[in-house]
Amino acid sequence: MADDQRREELLKELHEGVVEYEEDRVKEAAQDVLDEGLNAYDAIMNGLAAGMEEVGELYDQQEYFVPELLMCADALYIGLGILKPHIRPEDIGASAKGQVVIGTVQGDVHDIGKNIIKMMFEVAGFTVHDLGRDVPLEKFVEEQLKTDSEIVALSAMMTTTMMGMQKVIEMIKEKNPKVQIMLGGAPVTSDVADLFGADGYAESAGNAVQEAVKMIANLRKLQNQ
Amino acid sequence: MTPKERVKALLNKQPVDTMPVFSGMGTVTIQAIEKLNYRFAKVHTDPAMMAKAAIETAELFDFDGIVVPFDMCTIPEALGRGVSLYEDAEGLLYPTVPTKWASMEEIDLPDDFESIFGQGRMPVVDEALKLCLNHDGGKLGVGGWVLGPFTMAGQVMELDVLLKGAAKDKERVGAFLGRMTDLVIAVAKHYEALGVDFINIREMGTGTDLLSPRMWKNLIKPNMERVFAAVDIPIINHICGSTDLIIEMMNDCGADGVSVDQKNNVVQSREKLGPDALILGNFDPYGTLVQMNASDVEGVIKKCIDDGVDAVWPGCDIWPDVKKENVEAYVAAVRKHGGKPSPAVGRL
């Protein structure tokens, strides 16, 4: 019972530390999780990720904007860095063993949305192959083939660079039709995602958080069942 | 009226014969580039090619005005941040800034911004502007454009550092933005001295997709006010993305007009700003000129006019690989529906 109560306290600390972008608070709570022998994966999913889920809602309600999102993400990353090395393989189970190739397409040097999505994939236990920004199109295809990743996530912030995405999708789907393609960035709409043959999209950093949070939330639901 | 007279009169809110077709953002099409037998990657470094690409586009489609340059990297490049031109890349790519300052400590700006006008491609832009201004007896309206202080800052330093600094390191970020404002003013005054007909300040990284209205008021507005107060020719305040929450502040900065994209509810903006405010916008250039069937374009343009814009501007640079018939439909629709007075601009 004492353990349950302490677990709840630390999850709350992690959750609120992320929402209030208090890096020291998150750092201390994450260390307490380890020191007191509590489950690291539980702390990531039900503390840090749950906090980020609320951040996504606050963005949606226009209480938080991108500077706050970035500061919350920094706080989350601090906790993730402490807790992640202590995740036990049996905690992740079959639900998240995936790999993802991620990058911003050639001609675009904006990577905020990409970095947030990358972080959320890491939270969910994915192995992330980050190609960075201004990435030549063929590099996505090469990396997907090399790593056999199930997901390729492409980001473009400008209409003028979005066009490269269509080409990457065609090249990847031609070689491996089962690969799931996620598109992100301000100019990407559901119409564009459909037209390009993508499997999912997010139009902004905040929207990307929400999309990723949905993914994480489903994962948490499955695990809690 | 000549195209130039039409553009200038509209921006001064004087009566025009009909609504001019022009933009304050990059307007160059693949049809013009191909007709001139150029490669897109080459038009950014040669003044004659840059000017001809803009002029040919205007003449092919009967635009009233033109703007150069086409990319956002000329000033960062002149500040020593380099440029990626993608000369070997397949397809169309706009130049980008390859290296940005990663922290406030790394910022290294010249004491005197006049010195940048001899650096990088700044002389190319100057020469291109002169060619545009002198073309065919100065027939076309010619615009210059500069990124706004915050967006310019995001071109020379990492945007996440800037955005977090705007919340956590207000004093130093404020001082940096003050210097960026000096830079924007220096460039705008320089283009004004060259004789351009208007300036568009594109503070496009500051919509409420990114920043809160409160941050816009405290961090963006004072700098924009300083820019608009420094320039004597017509000057426009353009922001793309979400602007409904800040449209009144945008209009209150001292610009001669505001320009918004398709995310703005122009009907509501017109109600908020009243009939005297010059509003430009607000169609989605990619959706309208690249994706849509040409037969649907007229409806989009007519809606912009019916909603209350004074000139139909795209929300951003147009993607050069437009459908020819869509651009023709856009121009035809402005000519057809732009004969009646708009809220802020009468008709002769």
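Throughout, protein chains are lettered first and strands after them, A, B, ... in sequence-line order, and every chain is numbered starting at 1. Computed from heavy atoms alone, side chains included, the values below leave out hydrogens, waters and symmetry copies.
Taking 4.5 Å as the heavy-atom cut-off, the residues of residues 150-161 of chain B that approach chain A are B:Glu158, B:Leu159, B:Asp160, ordered by number.
Looking at B:Met72, only its side chain comes within 4.5 Å of chain A, counting heavy atoms on both sides. Looking at B:Leu245, the atoms closer than 4.5 Å to chain A (heavy atoms on both sides) all sit in the side chain, from C-beta outward. At a 4.5 Å heavy-atom cutoff, the contact between A:Gln106 and chain B is made by backbone and side-chain atoms alike. For A:Asp108, the part sitting under 4.5 Å from any heavy atom of chain B is the backbone (N, CA, C, O) and nothing else. Looking at B:Thr96, only its side chain comes within 4.5 Å of chain A, counting heavy atoms on both sides. The parts of B:Thr208 that come within reach of chain A are both its backbone and its side chain, each placing non-hydrogen atoms under 4.5 angstrom from that chain.
For the set B:Val97, B:Leu163, B:Leu210, the entry with the most heavy-atom pairs within less than 4.5 Å of chain A is B:Leu210. Between chain B and the residues A:Arg133, A:Glu68, A:Glu63, the largest count of heavy-atom pairs under 4.5 Å involves A:Arg133.
For the side chain to side chain contact (heavy atoms under 4.5 Å, CB included) test with A:Pro67, the passing option among B:Met215, B:Lys168, B:Lys164 is B:Met215; the others fail.
In this structure, B:Ser212 OG and A:Gln62 CD are separated by 10.5 Å, a value rounded to the nearest 0.5 Å.
In this structure, A:Phe65 and B:Pro213 have side chains that are in contact, with non-hydrogen atoms separated by less than 4.5 Å.
A pairwise comparison of heavy atoms in B:Asp209 and A:Tyr59 identifies O-OH, 2.8 Å as the closest pair.
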